[in-house]
Protein chains: 4
Amino acid sequence: MAEILRHATEVFCEKGYEGASMRDLSRATGMSLAGLYYYFESKEKLLYLIQKHTFRTVVDTLRQRLAGVRDPEQRIRIFIHNHLEYFLANSEAMSVLSHEDDVLRGAAGAEIAAIKREYYRICVGLVADWKRGGSVKSGAANGGRRHANDAEIRIAVLSLFGMMNWIYTWHRPRTDGDAGALARQMGDIFLYGLSASNGRGTTKRRKRWANRTAAH
Amino acid sequence: MAEILRHATEVFCEKGYEGASMRDLSRATGMSLAGLYYYFESKEKLLYLIQKHTFRTVVDTLRQRLAGVRDPEQRIRIFIHNHLEYFLANSEAMSVLSHEDDVLRGAAGAEIAAIKREYYRICVGLVADWKRGGSVKSGAANGGRRHANDAEIRIAVLSLFGMMNWIYTWHRPRTDGDAGALARQMGDIFLYGLSASNGRGTTKRRKRWANRTAAH
Amino acid sequence: MAEILRHATEVFCEKGYEGASMRDLSRATGMSLAGLYYYFESKEKLLYLIQKHTFRTVVDTLRQRLAGVRDPEQRIRIFIHNHLEYFLANSEAMSVLSHEDDVLRGAAGAEIAAIKREYYRICVGLVADWKRGGSVKSGAANGGRRHANDAEIRIAVLSLFGMMNWIYTWHRPRTDGDAGALARQMGDIFLYGLSASNGRGTTKRRKRWANRTAAH
Amino acid sequence: MAEILRHATEVFCEKGYEGASMRDLSRATGMSLAGLYYYFESKEKLLYLIQKHTFRTVVDTLRQRLAGVRDPEQRIRIFIHNHLEYFLANSEAMSVLSHEDDVLRGAAGAEIAAIKREYYRICVGLVADWKRGGSVKSGAANGGRRHANDAEIRIAVLSLFGMMNWIYTWHRPRTDGDAGALARQMGDIFLYGLSASNGRGTTKRRKRWANRTAAH
DNA sequence: GATGAATGAGGTTTCATTCAT
DNA sequence: TATGAATGAAACCTCATTCAT
């Protein structure tokens, strides 16, 4: 039952997986303790379902939004925007998702890990594309340079994940803006660094992107 | 006892604060359950001590390393390096530190929050300096530019924290390199973005930094 | 469950509230430790329920027995008899009731205190009536006597409570007789003092009472 | 150490024997936990010492005060006064004494029980004397009546103890008067009953007593 | 004399879970 | 489909007590 999952997500978010008791969930959902067990065979399974549903939604939405967009930068920006949008709209779910990483054991854990890997791979692909694209754009200046190192990309992607996932730690809707604004800033930092928001010669690029995303 | 704190940190890291039981800690430290309570009046107090000690160490070491260094970029790189170095060397402690953010209530919680704020403020200062300094370097081209927006800096700093703190999630010593390597990459990303590791015109800056840090 | 309450009462009586552990109660009732907590949210709540039930029963039974009886002396004797009867039949409950006076905090404590006050007030009323009535009976000889002092009545009533409540300390069913016999003796002492059982001029009164209570 | 015993008495009184922990005692006395064990081999022994000291004092003082007084009524009044005086002056000690009746096991328990029995016997003697004396005074009216029954005396004495010991439950120094006043009232009730304070023909006796105690 | 350090046993309470209905 | 009743295990913590110093 989606209703139950939603409430459970909230509770897991507030108290953490270990900290949330089945009684808490029972109270939050209005369903009896035993009733919960009719639907979900264990607390762990509940977490599994939440994580699976959340992550699948993120990945699937992402794929839809990426479809048809070719520009490497825009694709990365879409990735970030998609992530943050979902994150902020379902911050509870994402918090659970991020935190309770290693709770699930066995098959369930493997399945979740698989979805996460899929998501990660998509991002790696986007970054690799951008890097390849970048070398084209920047033309001969990039001359005989080696291809973007896998290890470098890995670090970059995981850094990006860190930026985005850490948000649940500090985001205040009032002052920090919505997913759009945050995505732009984080995208700038990820792609061009602090200088991006600084006028250190990235103005043109940002303009270009702004134009693009306006159409988005 | 430092010995006990070290073991406790490990256990908290492995299982999380809620997930770790005092019995676990007892087993890990080799001290009796009651013995633990002789030294630490409660599980919460234990967490408090760990967090306090860890964070204070980080902040104090940072201040020492910053002392005498004037160059804004270098100062930011020192910040990152310091953070990651401690993070990787004491990944357990940092994990506990990062995660169990809202467990502590009352005075203890406030004290920890204060140290964290202090740390955060230092970083904000570094970034603001860099941004000011940047306008000088980039010369007249930056002419009538507005001052770096506080909100922008906030987002940037918190993004940096995210990058760095998320590490405990993915870092594999074998393949991901040490604090020095990671700090360089994350510094690049933070300051110049993906392009940094890409040869997109940041080469010179990186060289300069590399020279400096060689001396460091 | 009444069954559980009864067993719990016994245990509280034997070991006192502090001395009785939930494990003891679990053993005595045959119910699992966790089972107890299913019914009673805490040890304190258990004590509250026992005290409430016991005291209410005493007060309610007393009111029924007083209904319809007009003679002031008889009413006092009924009070004593009712108290002792319940006390001896449920000596455990009464012991708990009497002793664990200040354990309960907050609302629960207030509620119990209220019932006790109600009980006390009834007794005060009976004694005041008897004293008023007494002056009538003893006729003109008592002429300009002052009204019975509130303070005096208070001391008298509390002394009576002492006599009766202390019983759990020494009563041996074999040698000390049943509630009826004890009530008669304590009533005599309370109303006429040692002299009563002594033939010091109280014989007539006692005879009268004996006749009345025979019908009772 | 008397100092320690005094503090311990206070704590036992406030929290009861079971409820008071050795740590509480340590805190109250300012002596280390282990230090307490240097002086008293166990918590139980501590209780034993308190009870022994308290009871011995009561009994010995009583004997001194009874010495030389011959009038049976006065002797009883002295008993009551002595008891209440000590009780009110050392209400904590007496509370502990009264409550923790059955905690002590073995030799210690037997010793305390012996002192208590001694005390009880004294009172029984006083009452028996009074009754014998009384039958003489009341003259022929008492005709061929049997001697005061042992069982009757037992109940009477224990009732008196109840009256007196229950005091810790309700006594408020401000409104309830001091040991002298209370002893007079309780003496009246015990000897002559409610009527005593009522003017129901006991006035003369009370006057007599008043004269006697004035000399006391 | 007196204590800091340490402990095994046991305290109250809550946990995830089951099962008859 | 859903639940009230019940449980074994384990949670955090405190107990009276000991012992080397």
Is there a donor-acceptor contact under 3.5 Å from the side chain of T9(C) to the main chain of L5(C)?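 Side chain of T9(C) to backbone of L5(C): a pair is present.
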Are the side chain of K43(D) and the backbone N or O of A20(D) linked by a donor-acceptor pair below 3.5 Å?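 The answer is yes, because a donor-acceptor pair under 3.5 Å joins these two groups.
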Parallel, tilted or perpendicular: which one describes the rings of Y119(D) and F161(D), with boundaries at 30° and 60°?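 Rings of Y119(D) and F161(D): parallel, under 30°.
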In terms of relative ring orientation, are W166(A) and W166(B) parallel, tilted or perpendicular, with 30° and 60° separating the classes?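 Geometry flag for W166(B) against W166(A): perpendicular rings.
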Can you find a heavy atom in the side chain of Y37(D) that is under 4.5 Å from one in the side chain of M31(D)?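 They are not in contact (no side-chain heavy atoms under 4.5 Å apart), so the answer is no.
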I want to check something: taking the side chain as every heavy atom from C-beta on, are E18(C) and Y17(D) in contact at a cut-off of under 4.5 Å?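 No, their side chains stay 4.5 Å or more apart.
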Send over the distance from [X] [atom1] to [N] [atom2], rounded to a whole Å.
X      : N       : atom1 : atom2 : result
E3(A)  : dT1(F)  : CD    : P     : 16 Å
F40(B) : dC12(F) : CZ    : C1'   : 16 Å
L25(B) : dA11(F) : CG    : C1'   : 12 Å
L36(B) : dC13(F) : CG    : P     : 11 Å
K15(D) : dG11(E) : NZ    : P     : 19 Å
M31(D) : dG1(E)  : CE    : P     : 11 Å

Is the NZ atom of K15(C) crowded by more than 12 outside heavy atoms at less than 6.0 Å?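 At most 12 heavy atoms, drawn from other residues, nucleotides or ligands, come within 6.0 Å of this atom.
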Under-4.0 Å salt bridge between E118(D) and R56(D):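 A salt bridge is present here (some side-chain N lies under 4.0 Å from a carboxylate O).
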Whether each nucleotide of nucleotides 15-21 of chain E has a protein heavy atom under 4.0 Å at its base (B), only at its sugar-phosphate (S) or at neither (-) is summarised, 5' to 3', as BBBBB--
Taking only the side-chain nitrogens and oxygens of Y38(D), find out if one of them lies under 4.0 Å from OP1 or OP2 of dG1(E).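 Looking at the OP1 and OP2 atoms of dG1(E), neither is under 4.0 Å from any side-chain N or O of Y38(D).
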Dot-bracket pairing map - DNA chain E, Watson-Crick plus G-U, both contacts under 3.5 Å, | cross-strand: .||||||||||||||||||||
